[in-house]
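Every chain is numbered from 1 and lettered A, B, ... according to where its sequence line falls, protein lines coming before strand lines.
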Amino acid sequence: MITMIDYGIGNYRSVQKALEYVGADVVITSDPEAIKHADKLVLPGVGAFGAAIDALRKRKLEQPIQDAVAQGTPLLGICVGMQLLLDESEELGRHSGLGLIPGKVRKFPANNKLKIPHMGWNQLDHDDTSPLLQDVADGDYAYFVHSFYCDVVDSADTIATTDYGKAFSSIIGRNNIFGIQFHAEKSQHVGLQILRNYATL
Amino acid sequence: MLAKRIIPCLDVHNGRVVKGVNFVNLVDAGDPVAQARVYDAEGADELVFLDISATHEGRDTMLHVARAVADQVFIPFTVGGGIRTVEDMRQMLRAGADKVGINSAAVRTPQLITDGAMEFGAQAIVVAIDARRISAERRADRFDTGYGIAQPDWLADDSPLHIDENSAWEVYVRGGRTPTGIDAVRWAAAAERLGAGEILLTSMDGDGTQAGYDIELTRAVADAVTIPVIASGGAGTLAHFAEALTDGSADAALAASLFHFRQLSIADVKTYLASQHIPVRVGRHE
């Protein structure tokens with residue numbers, strides 16, 4: 001059973017349908033106890049970092065997430081849900097994150113050649129070692145829509161990178177905590193495979 | 001590397017596809033979800049649904065279509081046609097569309113672009129522009145705003161967006177039948193300033209001809225904006241797609257009839273573009 005964390009910010013329906021498509025049972029909840037005792041968590045998210053973390057804290061869901069993760073419960077953050085895993089973001093002021101993976105969320109540098117947001121299909125460069133990437137080839141494409149990226153402190157936390165002007169971390173992971181910058185639920189077979197891998201982890 | 005996108009367009013009337021994949025072995029050729037799945041399996045990078053229903057009921061049906069597509073097809077899709085207000089946008093995005101396309105409504109009320117972008121983010125707002133080369137006749141009568149011209153109220157004759165002797169293309173509305181007096185290239189730039197995340201640019205001269213995209217138009221618009229441009233109207237051969245994405249500087253190329261009548265498949269186009277060293281997503285499918 002996968003528990004999706006409902007904090008009012010996110011594309012729950014498409015993520016839920018994609019998880020169900022790959023055979024997972026999904027429950028969507030904002031109940032702190034249910035999150036604390038979940039088998040496996042998914043943290044979706046869209047929009048601005050500050051609004052997302054505020055919504056999460058307003059619903060008093062930060063501590064249950066921290067408690068679950070400390071017990072070893074797997075957690076997958078998607079898009080802004082990934083960015084929330086880091087220490088802080090520079091999007092529209094400074095905002096602290098969950099601090100589960102050391103790093104900062106930064107804006108892509110202004111560059112006339114690169115369009116912001118980074119939108120469309122781009123490649124995942126990886127060395128095939130993560131269980132999250134089983135049956136996903138180095139160079140496979142995923143669908144991105146974002147203007148900010150995760151700059152992690154420890155390069156060992158980077159599972160895959162994507163090149164957009166420079167290489168940034170498109171999948172991160174540390175122990176039982178994972179984050180993906182792209183929209184797995186919109187990334188066709190590659191996204192579904194990654195969700196399947198997470199569901200069967 | 002960011003891939004160039006190939007986008008099939010499906011025309012939907014009262015919840016039924018009227019221009020989609022013309023597949024004999026499909027159980028129901030009019031079912032938008034079945035059609036979307038075929039295009040998805042062939043390697044479409046995104047889908048565009050153009051709702052051509054004229055009635056309120058038809059538009060409500062489109063919401064059901066969007067919901068069904070979002071539940072079963074795991075690639076991004078845009079719905080255009082009949083979206084006139086922020087509330088229309090909200091309903092369509094809630095139903096599962098990733099983006100909404102606005103055309104005539106944006107011409108009538110440019111503020112709608114800004115309101116939509118503020119509410120849902122620029123990435124969700126696609127401004128569709130139907131452009132036509134300005135004819136010698138229209139030039140000769142000095143763009144006389146006479147009968148049959150839908151010049152919006154906000155467009156003063158001395159507005160920088162008004163067509164003038166330097167203009168090459170004009171924005172048309174009502175399915176490409178009615179001129180507006182707006183310069184198409186300057187309108188695209190204005191749409192970006194107002195908050196559009198993407199331009200869906202259709203050459204009404206090329207539409208349906210299969211004689212090729214209007215590369216000059218596509219290039220002029222792509223040079224005038226920094227947001228992605230989807231070229232549309234006129235695709236007939238593999239080479240046309242390559243031209244739009246290289247000489248035309250488009251980020252994506254859209255076609256409807258060509259894919260509908262199976263003259264080319266999306267896989268054919270992708271394979272060809274890859275052979276021309278144009279970055280495209282090719283790979284396995286679910």
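Of residues 119-126 of chain A, those residues lying under 4.5 Å from chain B by any heavy-atom pair are M119(A), G120(A), W121(A), N122(A), Q123(A).
Between D151(A) and K104(A), none of the side-chain N atoms (NZ, or NE/NH1/NH2) sits under 4.0 Å from a carboxylate O, so this pair counts as no salt bridge. Under 4.0 Å is where a charged nitrogen must lie from a carboxylate oxygen, and between D140(A) and R281(B) no such pair does.
In summary, the side chains of D67(A) and Q63(A) do present a donor paired with an acceptor at a separation below 3.5 Å, with no hydrogens or angles considered. No side-chain N or O of H95(A) forms a donor-acceptor pair with one of E91(A) less than 3.5 Å apart.
The choice from H118(A), K17(A), K186(A), E20(A) that makes the most heavy-atom pairs within less than 4.5 Å of chain B is K186(A). Looking only at heavy-atom pairs under 4.5 Å with chain A, the residue among I75(B), V280(B), V73(B) that has the most is I75(B). Counting heavy-atom pairs closer than 4.5 Å to chain A, the top-ranked of the candidates P228(B), G96(B), A70(B), A122(B) is P228(B).
The distance between the ring centers of F182(A) and Y143(A) does not fall below 6.0 angstrom.
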Verdict with reasoning, E42(B) to K270(B), per salt bridge (Lys or Arg N to Asp or Glu O under 4.0 Å): CA-CA 9 Å; E42(B) 284 190 355; K270(B) 290 282 193 82; over 6 Å; no
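Cation-pi check for K107(A) over F148(A) is met; the charged atom lies under 6.0 angstrom from the ring centroid and within 45 degrees of its normal.
Around CZ of R57(A), the count of heavy atoms belonging to other residues, nucleotides or ligands within 6.0 Å exceeds 12.
Of the atoms belonging to I227(B), it is backbone heavy atoms, and not side-chain ones, that fall under 4.5 Å from chain A.
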